[in-house]
Protein chains: 2
Amino acid sequence: MRLTRAGEYAVRCVMCLARNGGTESVVSRQDVAACGDIPSHFLAKIAQQLSRAGIIEILQGAKGGYRLLVAPEKLSLLTVIEAMIGEIFLNDCVVRPESCHASLSCAVNKVWMQARDQLRQTLAGVTFAKLLQEESCCILQGDKFPTQDEKNA
Amino acid sequence: MRLTRAGEYAVRCVMCLARNGGTESVVSRQDVAACGDIPSHFLAKIAQQLSRAGIIEILQGAKGGYRLLVAPEKLSLLTVIEAMIGEIFLNDCVVRPESCHASLSCAVNKVWMQARDQLRQTLAGVTFAKLLQEESCCILQGDKFPTQDEKNA
DNA sequence: ACAATTAAGACATTTTTTGTCTTATATAAA
DNA sequence: TTTATATAAGACAAAAAATGTCTTAATTGT
Ligand code: SF4
Ligand code: SF4
């Protein structure tokens with residue numbers, strides 16, 4: 001599992017919301033996009049997935065935007081990431097045993113299973129509340145993520 | 001890091017060689033390909049990478065083929081996989097800190113670093129000797145990997 | 001010399017990821 | 001009620017990565 005851009009953006013989005021009032025307040029898409037250096041239209045699609053997963057709420061109309069539905073203490077990195085990129089796995093046969101007839105007796109398969117469980121547990125153990133405690137990442141109207149230009153430097 | 005096909009094939013290739021004489025004998029590309037259900041020409045490219053990494057030796061000419069250079073006891077899954085798909089990482093910023101200006105102070109980044117280290121350690125701890133102990137995977141001229149048709153079933 | 005085998009790398013195809021755009025809809029406020 | 005400001009939804013486009021094929025050349029055993 002390599003974190004895709006969409007996954008990274010989703011994490012940034014949630015961080016941004018968690019920082020700015022948590023489940024209490026609404027942040028506009030433009031603000032979240034600016035804060036996390038996320039292409040605004042791409043964020044729209046990401047937000048829709050987060051919304052379907054019940055992680056955020058989308059408010060339409062003037063003064064619309066996004067609101068966190070789950071308290072940061074209850075929300076893990078794993079939840080957000082898997083909402084975006086689907087259940088984590090490291091090799092196809094872990095999630096689709098039928099993709100390889102050897103899977104049932106395969107020693108390598110067992111390693112992938114174990115490694116995946118370990119990884120998912122690690123990510124499940126990290127809540128956004130914990131992440132917020134350490135100073136980091138985006139600050140609305142302050143420190144921000146790098147622009148595309150800065151990244152390519 | 002999702003294991004690519006090439007990565008999976010490389011593991012199968014090494015398993016096959018390890019099973020059939022280890023560092024002592026040569027197995028032809030055709031035999032390895034049949035054993036692991038690997039497109040033969042694709043295997044050629046994979047073998048070249050494994051060879052550059054010093055994991056196998058390629059013997060040209062009639063009666064040519066591949067030979068394991070590293071004893072199965074000394075060869076870990078991590079080595080083979082990283083020879084194929086490069087150093088494992090879960091998010092870009094782990095391996096290219098300059099890709100995100102926040103990386104130095106980012107709490108999320110730290111999680112990715114830790115998760116990556118854990119994963120690499122797990123894979124480094126598994127040698128092909130260990131894998132061979134448990135009956136599994138390909139057996140030259142016997143049990144074999146599924147064909148494309150079987151996989152799509 | 002000949003047959004068998006891999007090297008090397010260009011090329012093609014497919015899949016995934018990333019991003020944009022357009023039309024429709026919802027809300028707040030004048 | 002009208003208008004300005006938002007997002008919804010999904011089609012579409014572009015780029016990147018992965019997978020696979022093919023052709024020409026080189027190497028080795030017989
Ligand atoms: S061989 Fe083992 S590891 Fe490779 S795909 Fe089949 S089951 Fe999974
Ligand atoms: S925000 Fe943190 S995690 Fe996301 S890319 Fe930047 S450093 Fe890595």
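Each chain gets a letter, A, B and so on, in the order the sequences are listed, and its residues count up from 1. This is a predicted model, so every value here is computed, not measured.
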J.: Which one, C:dT6, C:dG19, C:dT22, comes nearest to the side chain of A:His41?
T.: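 Side chain of A:His41 sits closest to C:dT22.
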J.: What is the distance, to the nearest angstrom, from the CG atom on B:Asp31 to the P atom on C:dA4?
T.: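 One finds 15 Å between P of C:dA4 and CG of B:Asp31, rounded.
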J.: Step by step, would you call B:Glu82 with B:Arg120 a salt bridge (Lys or Arg N to Asp or Glu O under 4.0 Å)?
T.: CA-CA 10 Å; B:Glu82 293 202 332; B:Arg120 293 184 80 234; 2.9 Å; yes
J.: Between atom CG in A:Asp92 and atom C1' in D:dT19, what is the gap in whole Å?
T.: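 Computing the A:Asp92:CG to D:dT19:C1' distance gives 14 Å.
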J.: Assess whether one donor atom and one acceptor atom, taken from the side chain of A:Lys45 and the base of D:dG10, lie less than 3.5 Å apart.
T.: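 By the distance-only test, no, there is no pair.
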J.: With DNA chain D as reference, determine whether A:Ala62 or B:Leu59 sits nearer its 5' end, using the nearest nucleotide of each.
T.: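 In this pair, the answer is A:Ala62.
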J.: Let me know the distance between CZ of B:Arg12 and P of D:dT19, rounded to the nearest Å.
T.: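 Whole-Å distance recorded here is 12 Å.
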J.: A:Met84 CE to C:dG19 P: how many Å, rounded?
T.: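 Between P of C:dG19 and CE of A:Met84: 12 Å.
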J.: Below the 4.0 Å mark, does D:dG20 have OP1 or OP2 next to a side-chain nitrogen or oxygen of B:Tyr9?
T.: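 Yes, because at least one side-chain N or O of B:Tyr9 sits under 4.0 Å from OP1 or OP2 of D:dG20.
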J.: With the side chain of B:Gln60 defined as its heavy atoms from C-beta on, choose the nearest nucleotide among D:dT27, C:dT18, D:dT7.
T.: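 Nucleotide nearest to B:Gln60's side chain: D:dT27.
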J.: Taking OP1 and OP2 of D:dA17, is either one under 4.0 Å from a side-chain nitrogen or oxygen of B:Thr4?
T.: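 The answer is no; no side-chain N or O of B:Thr4 sits under 4.0 Å from OP1 or OP2.
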J.: Whole angstroms only, please: what is the CD-P distance between B:Glu57 and C:dA7?
T.: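 B:Glu57 atom CD is separated from C:dA7 atom P by 11 Å.
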J.: In the single-linkage hydrophobic clustering (I, L, V, M, F, W, Y; side-chain heavy atoms under 4.5 Å), do B:Val32 and B:Val26 co-cluster?
T.: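 No; B:Val26 is not reachable from B:Val32 via cluster members.
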J.: Would you say D:dA6 has OP1 or OP2 under 4.0 Å from some side-chain N or O of A:Arg29?
T.: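 Checking A:Arg29 against D:dA6: no side-chain N or O falls below 4.0 Å of OP1 or OP2.
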J.: What is the distance, rounded to the nearest whole Å, between atom CG of A:Leu43 and atom P of C:dT17?
T.: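 Atom CG in A:Leu43 sits about 19 Å away from atom P in C:dT17.
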J.: Any base atoms under 4.0 Å from A:Ala6, or only sugar-phosphate, or nothing? Heavy atoms, all strands.
T.: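 Sugar-phosphate only.
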J.: Any side-chain to backbone donor/acceptor pair from B:Asp31 onto B:Val27? Under 3.5 Å, distance only.
T.: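 No, the answer is negative, given that no donor and acceptor are paired below the 3.5 Å cut-off.
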J.: In whole Å, what is the span from the CD1 atom of B:Ile46 to the C1' atom of D:dG20?
T.: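 In whole Å, D:dG20 C1' and B:Ile46 CD1 are 10 Å from each other.
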J.: Nearest 0.5 Å, what's the OG1-CG distance between A:Thr127 and A:Leu78?
T.: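 It comes to 12.5 Å.
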J.: Nearest to the side chain of A:Arg5, which nucleotide is it out of C:dG19, D:dT21, D:dA9?
T.: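 Nearest nucleotide to the side chain: C:dG19.
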J.: Compare the minimum distances between each of D:dA8, C:dA8, D:dT30 and the side chain of B:Lys63, then state the nucleotide with the smallest one.
T.: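 The answer is D:dT30.
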J.: Side chain of B:Ile58 only, please: which of C:dT18, D:dT28, C:dT6 is the nearest?
T.: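 Closest of the options to the side chain of B:Ile58: C:dT6.
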J.: Grab the CD-C1' distance between A:Glu8 and C:dT17 for me, whole Å please.
T.: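 Taking CD of A:Glu8 and C1' of C:dT17, I get 15 Å after rounding.
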J.: Testing the 3.5 Å rule here: is there a donor-acceptor pair between the side chains of A:Gln114 and B:Thr122?
T.: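 Per modelled atom types, A:Gln114 and B:Thr122 side chains form no pair under 3.5 Å.
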